[in-house]
Asker: 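Take a look at this one; I'll ask things after.
In the text below, chain A, chain B and the rest are named by the order of the sequence lines, each starting its count at 1.
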Amino acid sequence: MFLEFKKQVTSVLTDALASMGLQADDLGLESSQHADIASKVAFRLASQAKQSPKDLAQRIADTVFLPDGSLIGKVTAVGPYINIDASRDYVDDTVFRIRTETSEFGGGFCNGRILLEHTSANPNGPLHVGHIRNSIIGDTLKRVLRRAGYDVETQYYVNDMGRQIAIVSWALSRFEFDRAKKPDHAIADVYIKANVDLNADPAKVAEIDRLMQLVEKGDERTIKGFDEAVSLAIAGIKETLLRMNVQHDSFPHESGFIRSGAVSRIIEEAKATGKTEIDNGALVVDLADHGFEKTLVIQRTDGTSLYTTRDLAYHEWKSERADRMIDVLGADHKLISGQLKATLRLLGKPEPEVVIFEFVSLPEGSMSTRRGKFISADELLDQIEKQAYVEVDKRRPEMSEEFKKDVARTVGIGAVRYDIVKVSPEKSTVFDWKEALDFEKQGGPYIQYSHARACSILKKAAEDGLWDPAAPIDPSLLVELTEVDLIKKMASFDSVLETSARELKPNAMAIYARELADSFNQFYRFVPVLTAEEDEIRASRLALVDCARIVLANTLETLGIGAPESM
RNA sequence: GAGCGUGUGGCCUAGUCAGGAUAUGGCGGCAGCCUCCUAAGCUGCAAGCCGAGGGUUCAAAUCCCUUCACGCUCGCCA
């Protein structure tokens, strides 16, 4: 709705400028606390118009023509600014649209096919609290892009041939695997032991190298060993992801690109560019023309491929299946993803868009699966659900055990997802138990609570026979300040979705969710619904509560957070 | 040594790419609000001049330069 409003503002201002013989590439539109939207165009055109910004702003405001039924209500010059306020039609239309479009409201303005890769953690142990930042950013991005209208497929790229997997496979043949444990955790146990062993006796490293050569040559027994290790870890990882409402559409394996011959082909293609050379027996690509001083190794001295080489083949494959490729990667991949993009460019192939997020570390330092220094996602989720249960039990002691457990789960996951997604990906964070388990105000549960409140009003109204969702209502009766604020906030959902999708910034949606809940709680506090003075006003307000319920639910869904009707 | 990222009240954080009207919100602190739709809510108060220093501009948290601090990274790991 806001996008349409903005479009009208652009058109009306451009027309006004044209009739004055002026032209601006940038109208300097910005959100403002003084109006629904403001334009700084008078600053830009002051010299061109040979007028002071203040006078020019006034002249533009006077020149603007508003057609009937415009979403723009009034245009006023305040000093050098041009303030534009929405019309009553804008408010009324918003209510109407939400009621008719419901779960589709504000979306569907983009199209095209996107392959989105996220998480892709090595299957050498469970996901830890750093990995899930990737999962949550990635999954939220998927939901944002889908809602915006894209056809999105999410992929978890499974590393089933790297050195670390060779170590896991080797470890499984030497140490006992604890079948009683969740498989990814049991894998980590043997992996950590193997690393201790390898550090103590470097001679054993040769055994790992041998396994890697065998698997690349296609030795069946070795492949089977790797597969076993990988599928155990992935099964556990999937379970954790599912717990957080994260699901991938497919799990392409690295080895598939070796077996299909794609990796060999891409190595030949690289050679054909004339930009490769042999350096100490390894095949390297010269990326100097692309801003990388150092060359990139794409084939080891022993002829085996590297992660990067397989990744090239993977991206080539992806590019044939989608219009856009998006990779969500940790900060440690900054350099390598740059080199990957440069190499793809060199080969004349499409490059992925890369979303980088900074690290999550522990107070005592960075996490490491290999050294067993990490807090697993499962551990965090267990603790948070336990804490959430305490909170529900405190507030709703009369409810059933099933209700409390259910709410604790939904609220716990909501708290974790929101906590992670609300922070800009480019900020590094330090995991802190106290903070993680603190159900701070205005977090995920705050937004869920707003939704539950809306549901509660509607439920009560229905029980009293006051609520008929199908009955026509008069939105023009919604004139209270907090009512109009709430409606305008809901109207801007599309604009936030658009920004979030275009800039690949999932945190924009999180901030919006908080603001929307704020607006609803303000309304809730100051405007009585069930005890409204007149029947018609009550009907309109109930419809507004229903709208809030819908938009809050849509927003929560976009964040991958459950929307409980009661909590 | 080099590259990338970050630095906003006691703590966390929005805004920085596209410079403009009194810098967003939370936590913590202080003072209040449940005979009324769930107080996981709401109201008010104290607290920041945006790491430091220069520069560009009518206008800088935002752009440029210098500098400091922290995180990540720097060829046969992924």
Asker: Which residue, A:A282 or A:T499, contacts RNA chain B at a nucleotide closer to its 5' end, judged by nearest heavy atom?
Answerer: A:T499
Asker: Any salt bridge (charged side-chain N to carboxylate O under 4.0 Å, His left out) involving residues 33-50 of chain A? Give me the pairs, sequence neighbours left out, ordered by first then second residue.
Answerer: A:D26-A:R44, A:E30-A:K40, A:D36-A:K488
Asker: Which nucleotide of RNA chain B is the first, and which the last, in the 5' to 3' direction, to come under 4.0 Å of a heavy atom belonging to chain A?
Answerer: B:C4 to B:A78
Asker: Could I get the full list of ring pair (Phe, Tyr, Trp, His ring centres under 6.0 Å) partners for A:Y157, not counting sequence neighbours?
Answerer: A:Y314
Asker: The criterion is salt bridge (Lys or Arg N to Asp or Glu O under 4.0 Å); which residues satisfy it with A:D393, sequence neighbours excluded?
Answerer: A:K404
Asker: What nucleic acid atoms does A:A452 come within less than 4.0 Å of, heavy atoms only: base, sugar-phosphate, or nothing?
Answerer: base
Asker: Using the P atom in both, what is the distance from B:C64 to B:G19, to the nearest Å?
Answerer: 11 Å
Asker: Please work out if A:K40 contacts a base, only the sugar-phosphate, or nothing of the nucleic acid, heavy-atom cut-off 4.0 Å.
Answerer: base
Asker: Name all pairs fulfilling the ring pair (Phe, Tyr, Trp, His ring centres under 6.0 Å) condition that reach into residues 407-448 of chain A, sequence neighbours left out, sorted by first residue then second.
Answerer: A:F431-A:W433
Asker: Salt-bridge test for A:K489 and A:E515: reply yes if a basic N is under 4.0 Å from a carboxylate O, no otherwise.
Answerer: yes
Asker: Any strand counts, and the cut-off is 3.5 Å on both contacts for Watson-Crick or G-U wobble. Which nucleotide pairs with B:C37?
Answerer: none
Asker: Under the rule for side-chain hydrogen bond (donor to acceptor under 3.5 Å, both in side chains), what residues qualify as partners of A:R310, not counting sequence neighbours?
Answerer: A:E254, A:S305
Asker: Determine the interatomic distance between P on B:A31 and the same-named atom on B:A46; round to the nearest Å.
Answerer: 15 Å
Asker: Which whole number of Å gives the distance between the C1' atom of B:G20 and that of B:C63?
Answerer: 14 Å
Asker: Using a 4.0 Å heavy-atom cut-off across all strands, classify A:R163 as base, sugar-phosphate, or nothing.
Answerer: sugar-phosphate
Asker: By the 4.0 Å heavy-atom rule, please label A:E293 as base, sugar-phosphate, or nothing.
Answerer: nothing
Asker: Measuring from atom CG of A:D160 to atom OG of A:S169, what distance do you get when rounded to the nearest 0.5 angstrom?
Answerer: 11.0 Å
Asker: Please measure how far the C1' atom in B:G29 lies from the corresponding atom in B:U6, and state the result in whole Å.
Answerer: 29 Å
Asker: By side-chain contact (heavy atoms from CB on, under 4.5 Å), which residues pair with A:R163, not counting sequence neighbours?
Answerer: A:I167, A:V205, A:I208, A:D209, A:M212
Asker: Mind checking the P distance from B:G32 to B:G71? Whole angstroms is fine.
Answerer: 44 Å
Asker: Assuming nearest nucleotide by heavy-atom distance, tell me which of A:E565 and A:T429 is located more 5' along RNA chain B.
Answerer: A:T429
Asker: Contacts to RNA chain B from residues 294-308 of chain A, heavy-atom cutoff under 4.0 Å, which residues?
Answerer: A:K294, A:T295, A:V297, A:R300, A:T301, A:L306, A:Y307
Asker: Using the C1' atom on both, measure B:G7 against B:C45 and round to a whole Å.
Answerer: 29 Å
Asker: Near A:K204 NZ, under 6.0 Å, is it more than 12 heavy atoms from other residues, nucleotides or ligands?
Answerer: yes
Asker: Just to verify, what does A:D286 make a salt bridge (Lys or Arg N to Asp or Glu O under 4.0 Å) with, not counting sequence neighbours?
Answerer: none
Asker: Let me check something: any side-chain donor-acceptor pairs from residues 501-510 of chain A under 3.5 Å, sequence neighbours excluded? List them with distances.
Answerer:
{"residue": "A:R502", "atom": "NE", "partner": "A:E498", "partner atom": "OE2", "Å": "2.9"}
{"residue": "A:R502", "atom": "NH2", "partner": "A:E498", "partner atom": "OE1", "Å": "3.2"}
{"residue": "A:N507", "atom": "ND2", "partner": "A:S424", "partner atom": "OG", "Å": "3.2"}

Asker: Between B:U8 and B:A14, how many Å separate the two P atoms, rounded to a whole number?
Answerer: 10 Å
Asker: State, with a plain yes or no, whether a side-chain heavy atom of A:R541 is found less than 4.5 Å away from one of A:L478.
Answerer: yes
Asker: Base, sugar-phosphate alone, or nothing: which one does A:A331 contact when heavy atoms must sit under 4.0 Å apart?
Answerer: sugar-phosphate
Asker: Under 4.0 Å between any heavy atoms, over every strand shown, what does A:D286 touch: base, sugar-phosphate, or nothing? Just pick one.
Answerer: nothing
Asker: Applying a 3.5 Å limit to both distances, which nucleotide forms a Watson-Crick or G-U wobble pair with B:C42?
Answerer: B:G32
Asker: Under 4.0 Å, heavy atoms only, any strand: does A:G79 hit a base, just the sugar-phosphate, or nothing?
Answerer: nothing
Asker: Give the residues of residues 525-550 of chain A touching RNA chain B, defined as any heavy atom closer than 4.0 Å, sorted by residue number.
Answerer: A:R525, A:V527, A:P528, A:V529, A:L530
Asker: Tell me every residue that passes side-chain hydrogen bond (donor to acceptor under 3.5 Å, both in side chains) with A:H34, counting only those two or more places apart in sequence or in another chain.
Answerer: none
Asker: If you look at every strand shown and take non-hydrogen atoms under 4.0 Å, does A:D279 touch a base, only sugar-phosphate, or nothing?
Answerer: base
Asker: Write down the partner of B:C70 under the Watson-Crick or G-U wobble criteria, each distance required to be under 3.5 Å.
Answerer: B:G5
Asker: Using the C1' atom as the reference point in each nucleotide, state the distance between B:C27 and B:G9 in Å, no decimals.
Answerer: 12 Å
Asker: Searching all strands shown, indicate the nucleotide that pairs with B:G75 (Watson-Crick or G-U wobble; both distances under 3.5 Å).
Answerer: none
